[in-house]
S.K.: 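Right, I'll just put the structure down here and ask away after.
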Amino acid sequence: MVIIVKPHAKNLRKGRYSEGNRIYLITTVTENRIKVFEDLVSARIIINVLKEEQSRKSAETLSFVLMPDHLHWLMQLKAGSHLSKVVGRIKSVSAHQLGGKIWQAGFYDHALRKEEDIQGIARYIVANPLRAGLVDKIGDYSHWDAKWM
């Protein structure tokens with residue numbers, strides 16, 4: 001039996017704390033960084049799952065960009081919700097709808113501090129396709145949204 005050890009995966013959970021009404025930046029990556037979301041249908045499935053989560057009132061999406069092999073999601077966790085459960089549900093539901101395991105275990109989260117520029121972070125998130133060279137202007141990339149834009 002071969003055991004694959006991801007050297008830093010266990011560190012993703014250290015110090016993780018869910019605070020209702022806190023804004024978090026979440027990053028989660030596809031298994032083996034496979035470019036699952038180059039496919040329009042797969043990308044739209046994930047985006048719809050994010051919308052469903054918002055309708056559950058567990059998290060409000062402030063901004064997101066779905067890159068070919070990962071998701072950046074700026075969200076406000078609602079009171080009574082647990083961060084790991086919300087992200088786990090997003091990953092589980094989307095994987096089920098896409099027919100199998102698509103996400104790496106774990107995710108990265110950053111709890112924003114009050115002094116951080118939320119709209120500036122949202123702009124940085126949606127500009128990812130520009131920095132990655134996927135498009136020349138953000139309007140040419142269809143897998144993003146921001147509450148303020």
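Quantities reported herein were computed from a predicted structural model and do not represent experimental measurements. Below, each value reflects all heavy atoms present in this structure, side chains not excepted, and no hydrogens, waters or symmetry copies.
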S.K.: Taking C-beta and beyond as the side chain, do Trp73 and Val86 meet within less than 4.5 Å on heavy atoms?
M.R.: yes
S.K.: Where do Gln76 and Asn21 come nearest, in terms of heavy atoms and distance?
M.R.: NE2-O, 2.8 Å
S.K.: Around atom CG of Asp140, are there more than 12 heavy atoms of other residues, nucleotides or ligands at under 6.0 Å?
M.R.: yes
S.K.: Please examine the side chains of Val36 and Pro68, heavy atoms only from C-beta on, and report whether any two atoms are closer than 4.5 Å.
M.R.: no
S.K.: Check for me, please, whether Val41 and Leu98 land in the same ILVMFWY cluster - side-chain distances under 4.5 Å, paths through other members count.
M.R.: yes
S.K.: Say you draw a straight line from OG of Ser81 to NZ of Lys57; how long is it, rounded to the nearest 0.5 Å?
M.R.: 11.5 Å
S.K.: Atom OG in Ser63, atom CH2 in Trp148: separation rounded to 0.5 Å?
M.R.: 7.0 Å
S.K.: Checking Leu112 now: which residues fulfil side-chain contact (heavy atoms from CB on, under 4.5 Å) with it, not counting sequence neighbours?
M.R.: Ile23, Leu25, Leu74, His110, Glu116, Ile118, Ile121
S.K.: Show the nearest heavy-atom pair for residues Tyr141 and Leu66, with the distance to one decimal.
M.R.: OH-O, 2.6 Å
S.K.: Determine whether Leu71 and Val29 fall in the same hydrophobic cluster, where Ile, Leu, Val, Met, Phe, Trp and Tyr are linked whenever their side-chain heavy atoms lie under 4.5 Å apart.
M.R.: no
S.K.: Among residues two or more places apart or on two chains, list those pairs meeting salt bridge (charged side-chain N to carboxylate O under 4.0 Å, His left out) that have a residue in residues 76-91.
M.R.: Glu53-Arg89, Glu60-Lys78
S.K.: What's the separation between atom CD1 in Ile125 and atom CH2 in Trp144, rounded to the nearest 0.5 Å?
M.R.: 11.5 Å
S.K.: Which residues pass the salt bridge (Lys or Arg N to Asp or Glu O under 4.0 Å) test with Asp145, not counting sequence neighbours?
M.R.: none
S.K.: Can you pull out every side-chain hydrogen bond (donor to acceptor under 3.5 Å, both in side chains) where at least one residue sits in residues 34-48? Sequence neighbours excluded, please.
M.R.: Asp39-Ser42
S.K.: Any non-hydrogen side-chain atom of His143 less than 4.5 Å from a side-chain atom of Ile46?
M.R.: no
S.K.: Once rounded to the nearest 0.5 Å, what's the spacing between atom CE of Met75 and atom CG of Leu50?
M.R.: 9.5 Å
S.K.: Taking side chain as C-beta onward, heavy atoms only, is Phe107 less than 4.5 Å from Ile90?
M.R.: no
S.K.: Are the side chains of Asn128 and His72 in touch, meaning some heavy atoms are under 4.5 Å apart?
M.R.: yes
S.K.: Would you say the side chain of Ile138 lies within less than 4.5 Å of the side chain of Pro129, judging by non-hydrogen atoms?
M.R.: yes
S.K.: Can you list the steps and then say if Tyr108 with Ile26 is a side-chain contact (heavy atoms from CB on, under 4.5 Å)?
M.R.: CA-CA 6 Å; Tyr108 171 81; Ile26 306 297; over 6 Å; no
S.K.: Sequence neighbours excluded, which residues qualify as side-chain contact (heavy atoms from CB on, under 4.5 Å) partners of Glu19?
M.R.: Tyr17, Arg22, Tyr24
S.K.: Evaluate side-chain contact (heavy atoms from CB on, under 4.5 Å) for Phe64 paired with Ile47, printing each intermediate quantity in order.
M.R.: CA-CA 9 Å; Phe64 73 86; Ile47 292 167; 3.6 Å; yes
S.K.: Side chains of Ser94 and Trp103: donor-acceptor distance under 3.5 Å anywhere?
M.R.: yes
S.K.: Does Asp117 have any side-chain contact (heavy atoms from CB on, under 4.5 Å) partners at least two apart in sequence or in another chain, and if so, which?
M.R.: Gln119, Arg123
S.K.: Rounded to the nearest 0.5 Å, what separates atom CD1 in Ile102 from atom CG in Asn32?
M.R.: 12.5 Å
S.K.: Same cluster or not: are Ile34 and Phe37 linked, directly or through other Ile, Leu, Val, Met, Phe, Trp or Tyr residues, by side-chain heavy atoms under 4.5 angstrom apart?
M.R.: yes
S.K.: CZ of Arg33 to CD of Gln104: how many Å apart, nearest 0.5 Å?
M.R.: 7.0 Å
S.K.: Show the nearest heavy-atom pair for residues Ile45 and Gln97, with the distance to one decimal.
M.R.: CG2-OE1, 3.4 Å
